[in-house]
Engineer: 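Got a structure here, written out as structure tokens. Questions coming.
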Amino acid sequence: MRVRGFAGGCRGEVVPWLLMLPLLFFLFFFAAVYLHLDAVRAGVAMAAREGAREYGVQLGQLDPSTALSAARGRVKLTLVREGLMSPQDAFLPPGQAPPQGGRGASAEFWDSGEWVGCAVTYYLPCPLPGLPRLLPELARPDPNGPWWRSKGHFVFRVAASAKKEYKQ
């Protein structure tokens with residue numbers, strides 16, 4: 001008897017809830033995805049910084065191939081520690097994306113005299129790869145398109161540089 005009286009007094013409140021509930025769900029999921037993508041970007045930036053530092057330290061003390069190997073190992077260790085890569089995964093060749101639905105990373109290093117650099121490119125699978133086609137502006141063919149044209153991946157490319165440290 002009391003439940004019927006309670007439900008009978010709330011007649012006009014169903015329509016506002018039906019209008020607001022999808023908006024609340026959208027905001028919640030947008031915030032969750034945004035925070036996750038920001039955490040991934042921060043992890044990739046940390047890996048690039050660590051790789052550049054390691055390359056700068058090792059290049060002044062070891063031969064270039066050993067220094068490059070140590071720096072790639074440091075980048076991989078940082079990505080594994082951040083949960084972005086598993087220990088048995090290997091780096092992708094630069095510019096090559098992983099298969100659709102897969103994660104992957106590539107690391108490039110350079111030496112420009114007193115400074116060294118590291119660029120890490122990380123591919124994160126997009127949960128809804130066909131979503132951008134719903135918007136007409138994004139569906140136009142563009143061979144050099146931006147991030148949503150990357151075969152279902154979010155692409156993070158972060159570069160860092162460090163000064164060489166010489167052995168004294």
Side-chain angles (χ1 to χ4, degrees), residues 25-135 137-138 142-168:
F25 278 129
F26 172 77
L27 290 176
F28 172 75
F29 288 118
F30 177 78
V33 168
Y34 180 80
L35 291 175
H36 175 67
L37 293 177
D38 189 52
V40 168
R41 183 208 46 83
V44 173
M46 187 182 316
R49 283 192 301 268
E50 290 290 323
R53 277 191 209 117
E54 186 74 20
Y55 192 50
V57 168
Q58 298 298 334
L59 199 57
Q61 300 173 3
L62 304 171
D63 62 289
S65 64
T66 308
L68 182 63
S69 175
R72 288 176 68 86
R74 176 63 70 145
V75 169
K76 183 173 180 174
L77 178 67
T78 305
L79 289 173
V80 167
R81 213 178 305 141
E82 291 294 315
L84 301 176
M85 198 173 181
S86 65
Q88 62 269 17
D89 288 346
F91 283 116
L92 298 169
Q96 178 183 342
Q100 189 165 354
R103 293 179 180 213
S106 66
E108 301 173 60
F109 296 89
W110 64 88
D111 179 8
S112 61
E114 192 175 338
W115 291 85
V116 295
C118 171
V120 177
T121 305
Y122 185 75
Y123 298 91
L124 180 70
C126 179
L128 300 170
L131 187 63
R133 280 188 253 148
L134 296 176
L135 300 173
E137 307 86 50
L138 305 180
D142 184 9
N144 301 324
W147 62 268
W148 57 76
R149 295 266 179 236
S150 62
K151 305 273 191 263
H153 290 97
F154 291 107
V155 180
F156 299 91
R157 181 171 169 79
V158 181
S161 60
K163 227 173 183 183
K164 278 189 195 175
E165 294 185 21
Y166 294 100
K167 188 175 180 182
Q168 296 182 3

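In this chain, numbering begins with 1 at the start of the sequence shown.
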Engineer: Is there a donor-acceptor contact under 3.5 Å from the side chain of K163 to the main chain of G56?
Structural biologist: no
Engineer: What closest approach, in Å, do L92 and Q96 show between heavy atoms, and which atom pair accounts for it?
Structural biologist: CD1-O, 3.5 Å
Engineer: Between the side chains of Y122 and R103, does any donor sit under 3.5 Å from an acceptor?
Structural biologist: yes
Engineer: Would you please test T78 and R49 for side-chain contact (heavy atoms from CB on, under 4.5 Å) and show each step?
Structural biologist: CA-CA 10 Å; T78 305; R49 283 192 301 268; over 6 Å; no
Engineer: If I take atom CG from residue L68 and atom CD from residue E54, how far apart are they, to the nearest 0.5 angstrom?
Structural biologist: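 The distance works out to 11.5 Å.
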Engineer: In Å, rounded to the nearest 0.5 Å, how long is the span from CZ of R81 to CD of E50?
Structural biologist: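 Rounded to the nearest 0.5 Å, the CZ-CD separation comes to 7.0 Å.
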Engineer: Please find the pair of heavy atoms, one from A48 and one from C118, that lie closest to each other, and give the distance.
Structural biologist: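 Looking at all heavy atoms of both residues, the shortest contact is O-CB, 3.7 Å.
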Engineer: According to side chain to side chain donor-acceptor pair (under 3.5 Å), who are the partners of R72, at least two apart in sequence or on a separate chain?
Structural biologist: none
Engineer: Ignoring hydrogens, what is the shortest heavy-atom contact between A70 and Q58? Give both atom names and the distance.
Structural biologist: CB-CG, 4.0 Å
Engineer: Starting from the C-alpha separation in whole Å, work towards a yes-or-no answer on side-chain contact (heavy atoms from CB on, under 4.5 Å) for V40 and F154.
Structural biologist: CA-CA 10 Å; V40 168; F154 291 107; over 6 Å; no
Engineer: Just to verify, what does F156 make a ring-ring contact (aromatic ring centres under 6.0 Å, His included) with, not counting sequence neighbours?
Structural biologist: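 So F156 forms no ring-ring contact (aromatic ring centres under 6.0 Å, His included) with any residue.
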Engineer: How long is the span from the CD atom in E165 to the CZ atom in R53, to the nearest 0.5 Å?
Structural biologist: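 Between atom CD of E165 and atom CZ of R53 there are 10.0 Å.
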Engineer: So, for D111 and L59, which heavy atoms are closest and what is the spacing to 0.1 Å?
Structural biologist: OD2-CD2, 3.4 Å
Engineer: Out of curiosity, R41 CZ to R157 CZ, how far, rounded to the nearest 0.5 Å?
Structural biologist: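 These two atoms lie 16.0 Å from each other.
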Engineer: Return the minimal non-hydrogen interatomic distance between G104 and P98, and the atom names on each side.
Structural biologist: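 It is N-CG, 4.0 Å.
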Engineer: For A71 versus Y55, what's the shortest heavy-atom pair and its separation?
Structural biologist: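 Looking at all heavy atoms of both residues, the closest pair is CB-CB, 3.7 Å.
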Engineer: Find the distance between NE2 (H36) and CG (L124) and round it off to the nearest 0.5 Å.
Structural biologist: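 Taking NE2 in H36 and CG in L124, the distance rounds to 5.0 Å.
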Engineer: For H153 and Y123, take the angle between the two ring planes, folded into 0 to 90°, and tell me which bin it lands in: parallel under 30, tilted 30 to 60, perpendicular over 60.
Structural biologist: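 H153 vs Y123 ring planes: perpendicular.
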